[in-house]
There are 2 protein chains.
Amino acid sequence: MVAAEQQASVQRIFSEYLERHGHRKTPERFAILTEVYAHDGHFDIERLYGRMKTKKYRVSRATLYNTMDLLIDCDLVRRHRFTGTQSQFEKAHAFGQHDHLICTTCGAVQEFCDPRIQQIRKTAGEVMGFEVRYHTLQIHGTCASCQEKRQLS
Amino acid sequence: MVAAEQQASVQRIFSEYLERHGHRKTPERFAILTEVYAHDGHFDIERLYGRMKTKKYRVSRATLYNTMDLLIDCDLVRRHRFTGTQSQFEKAHAFGQHDHLICTTCGAVQEFCDPRIQQIRKTAGEVMGFEVRYHTLQIHGTCASCQEKRQLS
DNA sequence: GTTTATGCAAAGGCTTTGCATTTCA
DNA sequence: TGAAATGCAAAGCCTTTGCATAAAC
C-alpha cells in the first residue's frame, strides 16, 4: 500500500470511528492523524508538537493528548512506555506486528518480529477468559554495540 | 522455599551485590529489601512508603527510589509500567516467570505464564545479537468480568 | 577522617484539568 | 442555538535533585 492510499484508509477509519461515537470531526483531529501517518518510528508528544508547529496546523498540547487517546481507542495508534515517564507513540495500522528490544545501557530501541507471540496471545486469552486487544512485548538487555564497548573497557 | 529461607537468600544476594559494587550496606537498604520480600504482588513507592512508616523503619521516598534502582540492577526487583506514569514494582527472585493481562476497562492486572516466551527471548537475542536480561509482556484487552458487565448493558 | 547515603524540601518533567472562546452539528 | 472541542495556563502527580546532616568504612 502506498502512502497516499494508507492516508486515505486511516482517515476513513478515523472518520467512521468519530461518527460512531458521536465525536466531532474537527480539522485538528484529521491534521494530527495525517502528521502521525506521515512518519515512521516512535515519537513523543513534544516531537509531534514541534513538527506540527512548523507546518500549517498549530495545535495545542492538550489537543494532541486528547487526540492520541482517540487514535489509540480506534487502534490507529499504539502507546509505548519504554522507560521514564514519557509515553512514546507509534502508528499502528497496516504495519506488521512487531515488538521491541530495549538496551538498558544506551536506551536504543530495536524492532523484531516473532509470529509465535500470536499463539501466546491466543492461549492466554482462552485460558483466562480474556478478550485480547493488543499486546506489548519488551525485551531488555544489552545491544550488540554496547556489548562491544563493554569488552573494550 | 519457605519465607525465612527466601529472605536469607535475597539478603545475601543483595549484600554481595553491594560489596561487589562498592556500595555501603546501610540498614535502610536491608530493611527495604525485607519489606519488599514480605509481600506478594505489585506495589508502588507510595504503598511501600506507607507500609514502612507503620513499622520500625521510616525511610524517605528518595531512599526508596534509590534503593529500588539498586534492587532492580541486581535482579531482585522488577519494574513495571502498566498504565499512567506511576511505576509498579514486584519482587523478582525465586518466582516463576510470569506475564500480565491488563484490562483496559477496569485496570485489573492478572498474571499468566507461558513457557513459549522463553523461545522468543532466545531467538530474538540470537538474531539481533542482543544479550537478553529480562522481558515484559503485557496483553491488553477486556477481562472476563468486564465482558459480562458489557453484555448486561 | 573521608566519602557515601539519608532525609527533607524544592525543583523538574510529563500529563491532566479548568475555563473562556471557538466551532461543529 | 446548544453542546463539544480547542487553546492557554495553571495545577497535579510522580520522580529526581540539591544540600545539610548522619553514618558507613
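All values reported here derive from a predicted model rather than from experimental measurement. Chain letters run A, B, ... following the sequence lines, proteins first, then strands; residues in each count from 1. Atom set for the values below is all heavy atoms of this structure, side chains included, hydrogens, waters and symmetry mates excluded.
Across the protein-nucleic acid pair, Phe14(A) atom CZ and dA5(D) atom C1' stand 12 Å apart, rounded to whole Å. Between the C1' atom of dA4(D) and the CD atom of Glu19(A) lies a distance of 16 Å, rounded to the nearest Å. Summarising the geometry, the separation between CZ on Arg58(A) and C1' on dG7(D) is reported as 10 Å, rounded to the nearest angstrom. Going from atom CG of Leu48(B) over to atom P of dT15(D) covers 12 Å, rounded to whole Å. Between Met68(A) atom CE and dA5(D) atom C1' there is a gap of 16 Å when expressed in whole angstrom units. Computed from coordinates, the Leu18(B) CG to dC25(D) P distance equals 9 Å when rounded to whole Å. What separates OH of Tyr49(B) from C1' of dT15(D) is a distance of 15 Å, to the nearest Å. Note: NE2 (His21(B)) to P (dT4(C)) measures 15 Å, nearest angstrom.
In this structure the side chain of Val132(B) never reaches within 4.5 angstrom of the side chain of Lys122(B), judged on heavy atoms.
Under the 3.5 Å distance criterion, with hydrogens and angles disregarded, no donor-acceptor pair is assigned to the side chains of Gln88(B) and His100(B). For the residue pair Arg116(A) and Thr123(B), a side-chain donor N or O sits within less than 3.5 Å of a side-chain acceptor on the partner.
Ionic pairing of Asp69(B) and Arg79(B) is present here: one or more N-O contacts between side-chain nitrogen and carboxylate oxygen are shorter than 4.0 angstrom.
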Nucleotides 10-25 of chain C: protein proximity per nucleotide (B base, S sugar-phosphate only, - neither; heavy atom, under 4.0 Å): ----SBBB-----BBS

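Between Arg29(A) and the phosphate of dT6(D), there is a side-chain N or O to OP1/OP2 separation shorter than 4.0 Å. Of the side-chain N and O atoms in Thr63(A), none sit less than 4.0 angstrom from OP1 or OP2 of dA5(D).
The structure places CG of Leu137(B) at 8.5 Å from CG of Leu101(B), a figure rounded to the nearest 0.5 Å.
Without hydrogens or angle criteria, Gln147(A) side chain to Gly129(B) main chain gives a donor-acceptor distance under 3.5 Å.
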